[in-house]
Structure formats: structure tokens, C-alpha cells
There are 2 protein chains.
Amino acid sequence: MATAAGVSYQTVSRVINGHPSVKPSTRERVLAAIEELGFRRNATALALASGRTRAVTVLTANTTHHGYASILQGIEEEARAASYTMAIGVLESAEEAAVAAAVQRAADAGGGLIVIAYDPAGVRALEAVPAELPVVGVVETPAGRPGDDRPWVWTDDREAAYQATRHLLGLGHETVHYVAIPSSTRRTSARTTGWRQALREAGAPEPRPVQGSWGPAGGYAAGLRLAEDKSVTAILCGNDDLALGVLRALHETGRSVPGEISVAGFDDAPHSAYLTPSLTTVRLDFTGLGRSAFALLHGVLEESARIAPHPVSVPELVVRESSGPPPARD
Amino acid sequence: MATAAGVSYQTVSRVINGHPSVKPSTRERVLAAIEELGFRRNATALALASGRTRAVTVLTANTTHHGYASILQGIEEEARAASYTMAIGVLESAEEAAVAAAVQRAADAGGGLIVIAYDPAGVRALEAVPAELPVVGVVETPAGRPGDDRPWVWTDDREAAYQATRHLLGLGHETVHYVAIPSSTRRTSARTTGWRQALREAGAPEPRPVQGSWGPAGGYAAGLRLAEDKSVTAILCGNDDLALGVLRALHETGRSVPGEISVAGFDDAPHSAYLTPSLTTVRLDFTGLGRSAFALLHGVLEESARIAPHPVSVPELVVRESSGPPPARD
DNA sequence: TCGCCTTGTGTGACCGGTCACATTCATGCC
DNA sequence: GGCATGAATGTGACCGGTCACACAAGGCGA
């Protein structure tokens, strides 16, 4: 213990915490001892005594899909900058008991919570978090659960889908079909809403959305179905992985993209620019979203941390090869 | 406190820890009180008093690339099953001081450490971990640092590269060019070794490996270079993202795959099966690798946890559309 | 010269648990 | 009946810090 090396015992604590009333000479001596002994204060003891943990646990159903992974990355960056520890708890199922158990574990870890509520498991988890725990939700749409005044962050999915749909309509397509990602709730997702809104404004027919999954396999299945319908000339996909599957299905069924059918994705995943054809998509700033989520939580946890305003970043349409004008009419 | 509700104070601890000598009636009473008050023992206090943390920190330079992300997923699965908490510390740079700081933070968190040493930052971090800390390394090759007897896990990259190269040679290609991922050290990577070994055994010429990066952009640049060389008929890439970039470059330069040039990747990323052409690659079980890493650490941390043998999973060649026989000779 | 305020430092309680030991009580044996 | 024995429970110290307060020394005005 630095006590022996230096002089006292509590004084060490004062030096470390930068307490003003320590004689400069004493401070010097203590600092020297700390340096020499390579002393580091025990984080566990600190947490127990002070109550502050400087830790954040992220609850999420997925860690690998582009959006999720980028959010995690953003949270980690910001957490590291604030000397916070980031733990991850994966929600393996949306089943009530499993979610409750995961939330319990996260609560036990102390510190703050960030829940990614893009799917039923995440939504349930967010609901299951006890009211007294500091938590920030990353949600699909701000039109969230009524009466819940917890802080949250989101991307403007509606606007993004709206832009992508208008882009396709602007190219001359009669209408745009939509392959949806699973919705976080039973309600219509923001992406679906934006797509529908654009169609309505243009007076275009509103086909039924095709239900997809999160990965390319779902897109592939949806693509095969849509390929059967010869009237389809434009497809918007709920994310780039779905779009990848759709592209593959169209290729296998001999439909050319964008010659016969245009395809647009969602999220601008890293590989989308390198596909053949490269994918038209809407870029969303998930990393920034993660950063905002942490900043918000940080503000809740420490009043010293000014609650940074979290500007909802504007989605950016990225036009590439996979979208073009529809084939000339017969 | 359950003390008041029940009877004693230490007895609660006994009940929770399943100590044998507690009268059944007392146990009942305490359990009832725990249930009623929703009592959960404080993880921080537990860690402080007992010294055991039930936490693992993973140090990694990346969280989003397929291999890294899958390893993290595997660790998390296993950690959750063992009621461990998983924290992630990202190594932002390979710079000495930055790495040291990251290791310090991880050490402060208590518990065990897993370091993904696939890159210079990771390798440095593994070296910087103090000897007394329980740590497992996920390394590129077992021919690691001499004199270091720490547990580690790895995939048989050499064998995987060997298989892929033999596959291409077996199709009739004169030789196989290689686009490398950055090596974790200055030494030749295991993948490069396996590739070279296959070439040698076949008596094929050994072209210089083309240096790539981790992402598709590097593959694209490498692909443009290789496309200039009309003698190139087969390209092995250090990972599937590089292969994606190569495919794109070949497409843009008008070379057909696999008609003129065959391409093979590495890792079998989720999207590789859906590319056009779908990608021949070598599947590696990164998730299993992550699970093994945790199991190994668990064994180090608690003698009760039997150190599961970690079979180095056999890489599996997945042949798809991107590889085929070379074009007929002139 | 006394009292008071300020500055610097030490002391004891506490955070919420675990651990080693002491204590109480019932039981079985000689 | 006395005593060793084991089961069931309580007590005090401790993990490594923080916090509130007590206390000693020095400077200054009255």
C-alpha cells in the first residue's frame, strides 16, 4: 500500500481525487510513491464505496448485422472516450423469461443500460427494465410506447424509405414493391410507412409488402416470388442484406438489374458499393446513433456530462447501378 | 435487508450459497423473504469480498469484420451460459501507449481477458498483458511467441489456404495468385504459408503475394492490378471481403469470372453465397473458436470448470460459382 | 495573548457482501 | 450424568476504497 511508502492513507485518496487541500510537497511524495509502486485503485472497491460504476451494458438481440454492429461500435467509441466500460448482453430469444433474465443480469452489472429495440426481443427488454434504472432506448420510431418518458434515440427511417421510394418513382416506375424486415412490434414499421407515403403522394398503386427476414436468405425467397410477377419493375428492400438476396434471385431467374428491374436497399452496408451491380441504398448513420445513445446515457448518469443534443442525422440517398428507368413499355 | 424479514444475517448468505448446514425450516423462511423482497445480491460487493468477478473482457482491434464479429459472438454465447459478463475493449490503434492504456482498463475491470491477436494491435496487447492476469489469446498461428506458455486458440489457416489453393490448381490453373490480408506480425502469415506450400508441392510458379487490406476497397485495388496481368487465371483472397473487391474490379475491367479468372475467398462470410457469381471460399468456425477461447479461460479461472479440449476445427472448402477451369489455351 | 478561521491530515463508520472462528444447542456414548 | 460431537447460527474482521467529521498547526485581527 502506498500508505507505507508515503505517509498517510486517506491522503492518498485525496491526491488521486484531486482534492484541493493537500500540501504540494505531500502531493509530490504521494504521486512519486504511486508511480513507483505502479498503484492503481481497485475499480470494484471504488464502485462499491462510491456507488458509481462507469459501466454501460448494451442489450441487443444481434451483434453482427450491419446496423446493430455499427451502433455497438458507436457506443463503444463514446464509452471509451468517457472511460466507461462497455458490456454486451445478447437477447437470445424474445421469450418473456429469457428477456427478464437478461435484463436482470444487466441490472446486476450496475451502471447504465442501452437497449437496442429494433426487434421484439429488444422491445420486450426495454419494457422489462425496472423504472429506477438509467436506460436509453435505441428504437425504430419515436412514436414509441405512450407514457414512457425515457430517453431514446432513433434514425428517421420513415424519411429514408420515403426518399428511396421517391427516387425509384422519379425514374419512371409505375410503383415500387417492398420487401420488409421484420417489424419490432405488430405495428407498421416506419420504413413501411415512408414507402407507403411516397406511393400515395404519387398516386401509385400500393402492393402488399413482402415479408422478409434480416438476412439474404429471406431476400432470396422474396426475390423469387417477386420475379414471378412480370409487372414488377422496382423493388425496395428493408436492408442491404435482403437486397443482396433479391439480386441473387433475380439473377437466377434471368431478370436483369437495372434493365428490367431496379433494386434499392437500406443502410448502405460496407459491401453494397462493391456488388455487381452496385447497390442503390439509403445511408443511415448508425455509428453516430450509437454515440448519441451513449452521450444521452452519460448525461443521465452524471449531471456533469452535459446532455448533448442528439441531432437525428439526415438519411442520405446513395444512387448506384442497381436502379434505373423501367424498361420501355410494350 | 432480508435480515429483518427473516431472522439472521449471515444465514442469508449461507442459504444463497447453498451451504449444507442450514435447518430446512430456516431455509424456507429465508427463501420466502428473498422472494418477497425481490432480493438480489450485489454483484459489486460480491466481487470485492470474494475476489471472483465472473467477467471477461475481450480486447480486439475490430468488432465488425466477419471473423472478429463471429468470435465475439461465440465468446458471448459461452460466457452467458456460464453466467459471465462480457465486456469489449476496442484497440483503436497499435500505438504502444494506446495499447497499454487499453490493457490497463481491461485489467482494472477484473476478471479474465481474451485478446484477439489477428493484427499488430492485438498482438501488442497480448504481449502487454501482465503475466499474473488470466488471459487467453486468439492467435493467427500457434507458432507463437517463444517462451510464452499462455493458453491460446487458433484456426488452421495454413491448412485452409492449402486446401483452397489445391482446389484451384486441381481445376487446371498454372498457378494461383494471392491477395493477402495484413499480417499480424512481420512474419509470413499462416495463410500465405499454406498457399505457398500448395504451389510448391505442385511445382507451380510462386508469384509475389499482393498486399491487400481487410475490406473490399483493398481487394478492389488489388484486383485492378491483377487484371492488368493477362497471365492471371486464379486468385485466392485472404478473406471474403477482399474477394468481393476483386470480383468487382474484374467485372469493371471486363474479365469474366470464372470464365477467364477464378476467384476464391476465405472465411465464408454470410453474404458470400449470394454474390454473383457466388464465391468459392473456405469456411472457418470462428464462432466455435470464440466458444473455445472462453471455455479455456473459464478453466483457468475456476478449477471446477473442466478445461474442455478445444479441437481445432477442420476448415471446410465450399466450392461455388466463382471457381472453374482456366480458359482453353491459345 | 487569546480566539477564530483556514489549511492540512488522521480517524471511524460504511458500501454489501464473504470468511474464519466462536457460540449455542441437541444428540449419542460411556 | 458428564462430556465429546456435530449441526445450526451468530460475531467480528476484512475486501479497498469514500465520506463525514475530528483534530492539530499556522496566520491574523482584536
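In what follows, chains are A, B, ... by sequence order, proteins preceding strands, each numbered from 1.
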Once you round it to whole Å, what is the distance between [atom2] of [N] and [atom1] of [X]?
X     : N      : atom1 : atom2 : answer
B:K23 : D:dA7  : NZ    : C1'   : 10 Å
A:L48 : D:dC14 : CG    : P     : 17 Å
B:E28 : D:dA8  : CD    : P     : 14 Å
A:R54 : D:dG17 : CZ    : P     : 16 Å
A:N42 : D:dG16 : CG    : C1'   : 6 Å

Residue set satisfying side-chain contact (heavy atoms from CB on, under 4.5 Å) with B:T57, at least two apart, ordered chain then number -> B:A87, B:A106, B:A109, B:L113
To the nearest 10 degrees, the angle between the two end axes of the helix from C:dT1-D:dA30 to C:dC30-D:dG1 (five pairs per end) comes to 60°
The criterion is side-chain hydrogen bond (donor to acceptor under 3.5 Å, both in side chains); which residues satisfy it with [X], sequence neighbours excluded?
X      : result
B:R291 : B:E77
A:D267 : A:R191
B:D156 : none
A:E95  : none

Is the shortest side-chain N/O distance from B:S21 to OP1 or OP2 of D:dG6 below 4.0 Å? no
Taken in chain and number order and not counting sequence neighbours, the residues that satisfy salt bridge (Lys or Arg N to Asp or Glu O under 4.0 Å) with A:D108 are B:R40
Residues passing the salt bridge (Lys or Arg N to Asp or Glu O under 4.0 Å) test with A:E76, sequence neighbours excluded, are A:R80
Atom CD of residue position A:E132 - does it have more than 12 heavy atoms of other residues, nucleotides or ligands inside 6.0 Å?
yes
Regarding the side chain of B:T11, the nearest nucleotide among C:dG17, D:dG16, D:dG10 is D:dG10
Quick tally for nucleotides 18-24 of chain C: nucleotides whose base has a protein heavy atom under 4.0 Å get B, sugar-phosphate-only ones S, the rest -, giving BBB----
